[in-house]
Amino acid sequence: MVGSAIVRKLQAEGYSNLITRTSSELDLRNQAAVTDFFADEQPEYVFLAAAKVGGILANNSFRAEFLYDNLMIESNIIHSSYKSGVKKLLFLGSSCIYPKLAPQPLKEEYLLSGYLEPTNEPYAIAKITGIKLCEAYRSQYGCNFISAMPTNLYGPNDNYDLQGSHVLPALIRKFHEAKLNGQPGVEVWGTGAPRREFLHADDLADACFFLMQHYNDDLFVNVGTGEDVTIRELAELVKETVGYEGDLYWNTEKPDGTPRKLMDVSRLHALGWKHKTDLKQGLEMTYQDFLANEVLYVE
Ligand code: GFB
């Protein structure tokens, strides 16, 4: 999802000399393969969007994979970028790097000030390590490696698998299928009380392009909308967007996760960037994209 959004943005800006690889073409966990790739391709700029990602259930079920895969991917790419003399690298983390009960909205300086949310601690530790790798390579080798921390994302090419996906695509698929099948109700996980912030992938790609062009400091930058909703409000918004008229059943056996993770985006705003797509508009766009690609997304 993020990689394809960044490619769309770069193409729209007139860049054609883009080097991309799918995970089946290049296993980024394989250090030798990554070393050879960088030696062969000699990229000048690197957007490091590749990661093993997933929703709360996937993170909590595949804890070793979320830690190992993400550590290997970021270590290989960051080290090879240094060895092959990449001019600038942008590393993408996640808002789950912050302590579970940090003051809200989350400022960049709250990193490592408390215990992490248990359900995604492996992923968070891997992403915090990525931030620290970029800082360390800047400090020791003078690399211009920057980091951005996006909030929860959604948009084209999202993951719609009901076990592994994030909440927004899961609800789009659940309400859509319930409408088609005439189901009386839809199961939603947790209590509905947690709050989440949602940024459209095309807005994130725009922010990545902006930061690659203009930002060269060592402190990482939050990327979000600065607004959040409860999961219950999100469910009602998705239900309305899809046009489903049945009931919601709350399965409190499923975890709520962190109660809130609203990003303080004042630093990014001060740099001159702001998101364009609000949640309601983004949901409409994303549901239309789901309808146009349902066969692909729901295989
Ligand atoms: O999006 P989500 O899986 O991840 O869950 P997180 C957000 C909230 O939505 C949780 C609730 O409180 C879920 O219980 N929810 C309700 C659902 N219905 C559903 C459903 O059908 N599917 C899913 N998946 N959730 C992730 C981290 O946390 O945030 C990742 O685990 C990453 O590492 C990502 O950082 C950005 O927002 O809780």
Side-chain angles (χ1 to χ4, degrees), residues 1-2 49 51-67 69-71 92-102 104 106 111 116-131 148-155 158-178 183 185-201 204 222-225 228-239 242 244 247-263 279 283 286 298:
M1 175 170 70
V2 173
K52 178 168 181 70
V53 300
I56 190 164
L57 209 53
N59 267 269
N60 205 26
S61 307
F62 308 112
R63 300 174 72 86
E65 289 176 53
F66 272 85
L67 185 53
D69 287 7
N70 288 307
L71 282 177
L92 285 176
S94 165
S95 57
C96 73
I97 62 169
Y98 290 105
K100 174 170 186 157
L101 303 174
Q104 307 279 329
L106 298 162
L111 183 63
L116 297 167
E117 157 58 36
T119 55
N120 57 43
E121 186 181 78
Y123 181 70
I125 295 272
K127 287 300 178 181
I128 292 168
T129 304
I131 292 170
M149 294 304 119
T151 188
N152 289 47
L153 302 169
Y154 67 100
D158 203 344
N159 170 5
Y160 284 88
D161 168 71
L162 293 183
Q163 293 308 309
S165 68
H166 290 99
V167 60
L168 192 148
L171 293 183
I172 285 179
R173 180 175 171 184
K174 284 180 175 180
F175 283 128
H176 173 75
E177 293 179 348
Q183 274 169 243
V186 165
E187 180 193 87
V188 189
W189 296 353
T191 63
R195 301 186 69 89
R196 290 294 183 273
E197 177 186 9
F198 296 97
L199 180 73
H200 192 278
L204 174 67
N222 288 340
V223 183
T225 63
D228 62 0
V229 291
T230 65
I231 295 303
R232 184 177 291 277
E233 287 163 341
L234 174 73
E236 292 298 342
L237 266 175
V238 178
K239 181 171 181 265
V242 170
Y244 175 66
D247 298 323
L248 304 185
Y249 302 127
W250 296 92
N251 177 355
T252 53
E253 297 292 304
K254 291 285 198 305
D256 267 346
T258 196
R260 194 180 192 196
K261 46 181 181 174
L262 176 65
M263 309 277 260
L279 183 55
L283 277 173
T286 304
V298 183

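Atoms within each ligand, like the ligands themselves, are counted from 1 in listed order. The basis for the numbers below is simple: all heavy atoms, side chains too, and nothing from hydrogens, waters or symmetry mates.
- Across the listed options Glu117, Lys261, Glu197, His166, Lys261 owns the non-hydrogen atom lying nearest to atom 28 (O) of ligand 1.
- Counting all heavy atoms, side chain and backbone alike, Asn159 lies closest to Ser165 at O-CB, 3.0 Å.
- Ligand-side atoms of ligand 1 in range of Asn59: 27 (C), 30 (C), 31 (O), 33 (O), range being under 4.0 angstrom from any heavy atom.
- For Lys174 against Trp189, the heavy-atom pair with the smallest separation is NZ-NE1, 3.5 Å.
- For the residue pair Arg232 and Trp250, the shortest heavy atom distance occurs at NH1-NE1, 3.2 Å.
- Checked by distance only, ligand 1 and Thr151 stay at 3.5 Å or farther apart across all their nitrogen or oxygen atoms.
- Of all atoms in ligand 1, listed by their number and element, those nearer than 4.0 Å to a heavy atom of Cys96 are 33 (O), 35 (O).
- Only side-chain heavy atoms of Lys174 come within less than 4.0 Å of ligand 1; its backbone N, CA, C and O stay farther off.
- Side chains of Glu197 and Thr151: a donor on one and an acceptor on the other come within 3.5 Å.
- Residue contacts with ligand 1 for Ser95 are absent, since no atom lies close enough (heavy atoms, distance under 4.0 Å).
- Residue Pro194 has at least one heavy-atom neighbour below 4.0 Å for each of these atoms of ligand 1: 12 (O).
- Counting all heavy atoms, side chain and backbone alike, Cys96 lies closest to Tyr123 at SG-CD2, 3.4 Å.
- Polar contact with ligand 1: absent for Tyr123 (N/O pair, distance under 3.5 Å).
- Residue nearest to atom 1 (O) of ligand 1, selected from Val167, Leu153, Asn251, Leu248: Val167 (by heavy-atom distance).
- The closest side-chain heavy-atom distance from Pro259 to Leu101 is below 4.5 Å.
- Polar contact check, Ala170 against ligand 1: no nitrogen or oxygen pair lies under 3.5 Å apart.
- The residue Ala235 has no part lying near ligand 1, judged by heavy-atom distances below 4.0 Å.
- The proximity of Ile231 to ligand 1, defined as any non-hydrogen pair under 4.0 Å, is limited to the side chain.
- Heavy atoms of Lys254 found under 4.0 angstrom from ligand 1: none, in either backbone or side chain.
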